[in-house]
Amino acid sequence: MPPNTAPPDTPLPSRHVEALAALGTPRHFRRGTLLIQEGDFGDNLFIVQRGRLRSFLADNTGKELTLCLHGPLDYVGEMSLDGGPRSANVEALEATQCSVVSRATLLAYISAEPEFSMELLARVIRRARLATESARSVALIDVYGRLVRLLNQIAGDCNANGERVLQERLTHQAMAQHLACSREMVSRLLKDLETGGYVAVRDRWIWLLKPLPARW
């Protein structure tokens, strides 16, 4: 197993997030539970304590686009600050414990610890940039190019043989949700890369054996 299997977007520890989590109500969610539904109104912030969440968009045909994965000490639901509708769906990828913080508690904490507002703003800006990058990727880059970008993003450092293992054990369906394409397309591309000697699967982990070609 790779030495680090944390989601790529897990933030650095923050004393403010830990302090805020202590003010919330612990709740447990089963795998697949929908914590937030796009378009709904809500006023809770969810701080991950154990497990993982996935934020995603979905259309009425069932096609999904994963926006971000959230591990311990990350949080979702900060858009509730303006009282508007939720901008994305959020589900539990596995059994997950969150501290649920009300909007009133969050605002009171910001009032008492105003420097946290800058941390919160930086997180919102970062997520806006990630959303913009996702939209640009879907609009301007073909599926193979998006797959290469995803694999390179989640691959670890090279070993002595110049090989890199993915730090996240993603299924073909999960990759398809990241790339806004079909699972069959992902399976076909990975099979082609495996046949070409660029990719190998070892004990259910995907390895990149050499730099992936820019075009396929």
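Given the structure is predicted, the values throughout are model-derived calculations rather than measurements.
- We find the CZ-CG distance between Arg126 and Leu121 to be 14.0 Å, quoted to the nearest 0.5 Å.
- With rounding to the nearest 0.5 angstrom, the CG atom of Leu57 is 13.0 Å from the NZ atom of Lys63.
- Leu73 and Leu20 fall within the same hydrophobic cluster, defined by Ile, Leu, Val, Met, Phe, Trp and Tyr side-chain heavy atoms under 4.5 Å apart, directly or through other members.
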Full working for side-chain contact (heavy atoms from CB on, under 4.5 Å) between Leu65 and Phe56:
CA-CA 5 Å; Leu65 173 62; Phe56 65 98; over 6 Å; no
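- Of the possible polar contacts, none joining the Asn161 side chain to the Glu163 backbone as a donor-acceptor pair under 3.5 Å is found.
- Listed for the Ser187 side chain is a donor-acceptor partner under 3.5 Å among the backbone atoms of Arg183.
- Val100 and Tyr109 are members of different hydrophobic clusters when ILVMFWY side chains are connected at heavy-atom separations under 4.5 Å.
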Tell me, with the steps shown, if Asn152 and Arg164 meet side-chain contact (heavy atoms from CB on, under 4.5 Å).
CA-CA 9 Å; Asn152 284 327; Arg164 296 184 296 157; 2.6 Å; yes
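- Val199 places none of its side-chain heavy atoms less than 4.5 Å from the side chain of Leu209.
- For the residue pair His70 / Ser55, a side-chain donor-acceptor distance below 3.5 Å is found, with atom types taken as modelled.
- Residues Leu208 and Tyr198 fail the side-chain proximity criterion, which asks for heavy atoms closer than 4.5 Å.
- A donor-acceptor pair under 3.5 Å is absent between the side-chain atoms of Thr105 and the main chain of Val101, judged by distance alone.
- When all heavy atoms of Ser99 and Gly24 are compared, the pair lying nearest together is OG-CA, 3.3 Å.
- Between Leu53 and Leu69, every side-chain heavy-atom pair lies at or beyond the 4.5 Å cut-off.
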For side-chain contact (heavy atoms from CB on, under 4.5 Å), just list the numbers for Leu189 and Val148, CA-CA rounded to whole Å, side-chain angles, deciding distance to a tenth of an Å, and then say yes or no.
CA-CA 10 Å; Leu189 289 173; Val148 168; over 6 Å; no
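- In this structure, Thr96 contributes its side chain and Gly51 its backbone to no donor-acceptor pair below 3.5 Å.
- Considering only heavy atoms from C-beta on, Gln37 stays 4.5 Å or farther from Val90 through its side chain.
- At a threshold of 4.5 Å between non-hydrogen side-chain atoms, the residues Pro85 and Asp40 do not count as touching.
- In this structure, the separation between CG on Leu190 and CD1 on Ile206 is 5.5 Å, given to the nearest 0.5 Å.
- What you find for Thr33 and Phe29 is that their closest heavy atoms are CG2-CD2, 3.9 Å.
- What you find for Gln97 and Pro26 is that their closest heavy atoms are NE2-CB, 4.2 Å.
- Relative ring orientation between Phe116 and His16 is described as tilted, the plane-to-plane angle lying within the 30° to 60° band.
- Using a 4.0 Å cut-off between a side-chain N of Lys or Arg and a carboxylate O of Asp or Glu, Glu94 and Arg30 do not qualify as a salt bridge.
- When every heavy atom of Ala88 is checked against every heavy atom of Ile36, the shortest pair comes out as O-CG2, 3.4 Å.
- Asp59 CG: more than 12 foreign heavy atoms inside a 6.0 Å radius.
- Within a 6.0 Å radius of NZ in Lys210, other residues, nucleotides and ligands contribute more than 12 heavy atoms.
- Closest heavy-atom contact between Cys98 and Leu35: SG-CD2, 4.2 Å.
- Transitive grouping of hydrophobic side chains (ILVMFWY, heavy atoms separated by less than 4.5 Å) keeps Phe41 and Val76 in distinct clusters.
- With hydrophobic clusters built from ILVMFWY side chains whose heavy atoms lie under 4.5 angstrom apart, Ile125 does not share a cluster with Leu120.
- Here CG of Asp142 is found 10.5 Å from SG of Cys181. Values are rounded to the nearest 0.5 Å.
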What's the verdict on side-chain contact (heavy atoms from CB on, under 4.5 Å) for Leu147 and Leu179, showing C-alpha distance, side-chain angles and the deciding distance?
CA-CA 7 Å; Leu147 176 62; Leu179 305 176; 3.9 Å; yes
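- Arg123 forms a cation-pi arrangement with Tyr75, by the criterion of a distance under 6.0 Å to the ring centre and an angle within 45° of the ring axis.
- In terms of hydrophobic clustering, with Ile, Leu, Val, Met, Phe, Trp and Tyr side chains grouped at heavy-atom distances under 4.5 Å, Met175 and Val201 are assigned to a common cluster.
- Rounding to the nearest 0.5 Å places NZ of Lys191 at 11.5 Å from CG of Leu193.
- With a 4.5 Å cut-off on side-chain heavy atoms, Trp205 and Arg169 count as touching.
- For the pair Ile110/Glu115, no side-chain contact is recorded, criterion being any heavy-atom separation below 4.5 Å from C-beta on.
- Using a 4.5 Å heavy-atom cutoff, the side chains of Arg103 and Leu107 are in contact.
- With 3.5 Å as the limit, one finds no donor-acceptor pair spanning the side chains of Glu184 and His172.
- Looking at every heavy atom in both residues, Glu78 comes nearest to Leu45 through N-CD1, 3.5 Å.
- Of the N and O atoms on the side chains of Arg54 and Asn89, not one donor lies less than 3.5 Å from an acceptor on the other residue.
- Here Glu113 pairs with Arg15 in a salt bridge; the nearest charged N to carboxylate O distance falls below 4.0 Å.
- For Gln49 (side chain) and Ile47 (main-chain N/O), no donor-acceptor pair under 3.5 Å exists by modelled atom type.
- To the nearest 0.5 angstrom, His178 atom NE2 is 4.5 Å from Thr66 atom OG1.
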